[in-house]
Amino acid sequence: MKFNHLKGYESVTLPTETIDGKRYYTTPEGKHYPSVTSVTGLLNRKSIAAWRKWVGEEQANKISSQAANRGTRYHYMMEDFINNIDIDEKLSKATPLDQMMFNQTRDITEKLGDIYMLEGSLYSDELMMAGRVDCIADFAGKISVIDLKTSTKRKPPSHCKSYFIQETAYAKMFEERYQIPIERIVTIVAVEETGQSQLFVEDPSKWYDHLLDLRSQYKTEFGL
């Protein structure tokens with residue numbers, strides 16, 4: 001199959017800059033905005049700190065590195081696939097784990113309609129935030145933020161709140177830049193242990209107030 005990439009929704013260039021030890025995006029107007037993940041990271045900060053203490057720093061770093069590398073490899077393959085690049089050769093050389101992670105979500109990804117943006121940078125002057133969205137595409141007839149995730153274990157929806165808030169931020173950014181409303185946020189999760197993917201579909205309006213609360217907390221703590 002071939003994905004249809006729409007023109008007119010090209011990503012903007014957002015250089016990064018470190019301010020007081022934290023990374024910020026610089027908008028075309030020269031404003032410094034924190035990343036979406038920095039803001040939404042406040043939600044799970046305490047639980048992550050507790051987990052790192054429980055397993056120990058060395059083991060926590062090892063697990064985190066493995067998860068990050070797995071996610072990066074998965075994203076690269078999915079990006080090529082959605083960009084209509086022949087994935088078969090790369091997939092044949094991939095590890096059995098990477099093959100499994102890709103294939104279990106392939107059927108869902110193939111259902112995407114028109115692609116508005118893939119791995120694109122966005123920002124919002126209203127939220128004063130910036131970041132890179134995985135994908136914005138038609139999903140079941142509605143323009144949606146598509147977030148591609150990997151996980152070691154299946155996640156209950158209650159453990160995905162940071163995903164939903166993050167995706168809501170991207171929805172707001174896209175609406176602000178292109179005046180096109182986003183009605184749906186979609187989380188596609190490739191799961192290592194079960195080999196069965198998860199799909200979460202949410203209304204971004206449900207999570208917008210949570211996003212504003214975290215943005216306010218970030219500004220209170222860090223001044224930007």
Side-chain angles (χ1 to χ4, degrees), residues 1-16 24-40 43 75 78-85 105-149 157 160-189 198-216 218-219:
M1 67 166 297
K2 292 287 186 179
F3 292 97
N4 180 41
H5 290 254
L6 301 177
K7 295 182 180 180
Y9 302 95
E10 289 76 14
S11 174
V12 295
T13 299
L14 298 177
T16 60
Y24 291 82
Y25 287 93
T26 303
T27 72
E29 298 78 23
K31 299 174 182 178
H32 302 297
Y33 291 159
S35 69
V36 174
T37 51
S38 293
V39 174
T40 58
L43 186 67
H75 270 86
M78 272 298 171
E79 184 178 358
D80 283 352
F81 181 56
I82 298 173
N83 269 325
N84 299 317
I85 297 172
T105 58
R106 183 170 186 162
D107 287 347
I108 301 175
T109 309
E110 286 179 340
K111 295 177 182 177
L112 298 181
D114 289 340
I115 307 298
Y116 289 76
M117 184 174 288
L118 181 65
E119 289 294 333
S121 297
L122 290 167
Y123 67 98
S124 165
D125 292 320
E126 183 174 332
L127 294 172
M128 294 188 292
M129 296 168 61
R132 287 186 64 83
V133 66
D134 286 351
C135 183
I136 293 178
D138 284 332
F139 182 87
K142 292 185 178 181
I143 303 176
S144 308
V145 170
I146 312 296
D147 203 7
L148 302 167
K149 300 290 188 184
C160 299
K161 292 180 180 179
S162 63
Y163 295 168
F164 305 150
I165 297 172
Q166 178 180 344
E167 293 152 14
T168 297
Y170 294 133
K172 174 62 179 175
M173 292 175 186
F174 189 81
E175 289 177 16
E176 186 176 323
R177 304 248 67 80
Y178 299 104
Q179 292 75 55
I180 297 177
I182 299 289
E183 303 177 65
R184 182 181 283 150
I185 51 177
V186 178
T187 314
I188 302 170
V189 187
Q198 290 183 276
L199 177 66
F200 300 100
V201 180
E202 293 277 333
D203 183 339
S205 65
K206 175 182 176 181
W207 300 98
Y208 189 62
D209 286 344
H210 297 280
L211 171 62
L212 293 181
D213 288 342
L214 286 176
R215 184 62 184 96
S216 177
Y218 190 94
K219 186 174 183 179

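The stretch residues 128-147 participates, sequence neighbours left out, in no ring-ring contact (aromatic ring centres under 6.0 Å, His included) pair at all. Applying the ring-ring contact (aromatic ring centres under 6.0 Å, His included) test to every pair with at least one member in residues 109-131, sequence neighbours left out, gives these pairs: Y9-Y116. Listed by first and then second residue, the salt bridge (Lys or Arg N to Asp or Glu O under 4.0 Å) pairs that reach into residues 170-179 are E126-K172, sequence neighbours excluded.
When each of I143, I136, N4 is tested with D114 by the rule side chain to side chain contact (heavy atoms under 4.5 Å, CB included), just one qualifies, namely N4.
Rounding to the nearest 0.5 angstrom, the gap separating the OG1 atom in T26 from the NZ atom in K31 is 12.5 Å. Taking NZ of K206 as the start and CD1 of I185 as the end, the distance is 9.0 Å to the nearest 0.5 Å. From I108, atom CD1 reaches atom CG of L199 across 5.0 Å, with rounding to the nearest 0.5 Å. Taking OG1 of T16 as the reference point, atom NE2 of H32 lies at 11.5 Å (rounded to 0.5 Å). Here the straight-line distance linking atom NZ of K142 with atom CG of D203 works out to 8.0 Å at 0.5 Å rounding. The line from CD of E202 to NZ of K161 is 11.0 Å long, rounded to the nearest 0.5 Å.
Taking Y208 as the reference, nothing meets the ring-ring contact (aromatic ring centres under 6.0 Å, His included) condition, with sequence neighbours excluded. K219 meets the side-chain contact (heavy atoms from CB on, under 4.5 Å) test with M128, R215; sequence neighbours excluded. Contacts of N83 classified as side-chain contact (heavy atoms from CB on, under 4.5 Å), with partners at least two apart in sequence or in another chain: H5, E79, I85, L118.
Remark: side-chain polar atoms of H210 are not paired, donor with acceptor, to backbone N or O of I165 under 3.5 angstrom. Listed for the D134 side chain is a donor-acceptor partner under 3.5 Å among the backbone atoms of L148. Proximity of a side-chain donor or acceptor of T37 to a complementary backbone N or O of S35 within less than 3.5 Å is not detected.
Looking at every heavy atom in both residues, Y218 comes nearest to P34 through CE2-CB, 3.6 Å. Here the closest heavy-atom approach between residue N84 and residue F3 is recorded as OD1-N, 2.7 Å. Closest non-hydrogen pair, S144 versus I182, comes out as CA-CG2, 4.1 Å. Across all their heavy atoms, P204 and T168 have their closest contact at O-CG2, 3.4 Å. E119 approaches H75 most closely through the heavy-atom pair OE2-CD2, 3.7 Å. Closest approach of A130 and L14 over heavy atoms only: CB-CD1, 4.1 Å.
Taking 4.5 Å as the limit, every side-chain heavy atom of V39 sits out of range of all side-chain heavy atoms of Y33. Residues Y178 and M117 meet the side-chain proximity criterion, which asks for heavy atoms closer than 4.5 Å. In this structure the side chain of S121 never reaches within 4.5 angstrom of the side chain of V133, judged on heavy atoms. At a threshold of 4.5 Å between non-hydrogen side-chain atoms, the residues I146 and I188 count as touching. Within the 4.5 Å cutoff, side-chain heavy atoms of L127 are placed close to those of L212.
Aromatic ring orientation, F164 versus W207: tilted (interplanar angle from 30° to 60°).
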Problem set entry | Residues V145, F174; criterion side chain to side chain contact (heavy atoms under 4.5 Å, CB included); working and verdict | CA-CA 9 Å; V145 170; F174 189 81; 5.9 Å; no
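For the pair K149 and Y163, the distance from NZ or CZ to the six-membered ring centre is under 6.0 Å and the angle to the ring normal is within 45 degrees.
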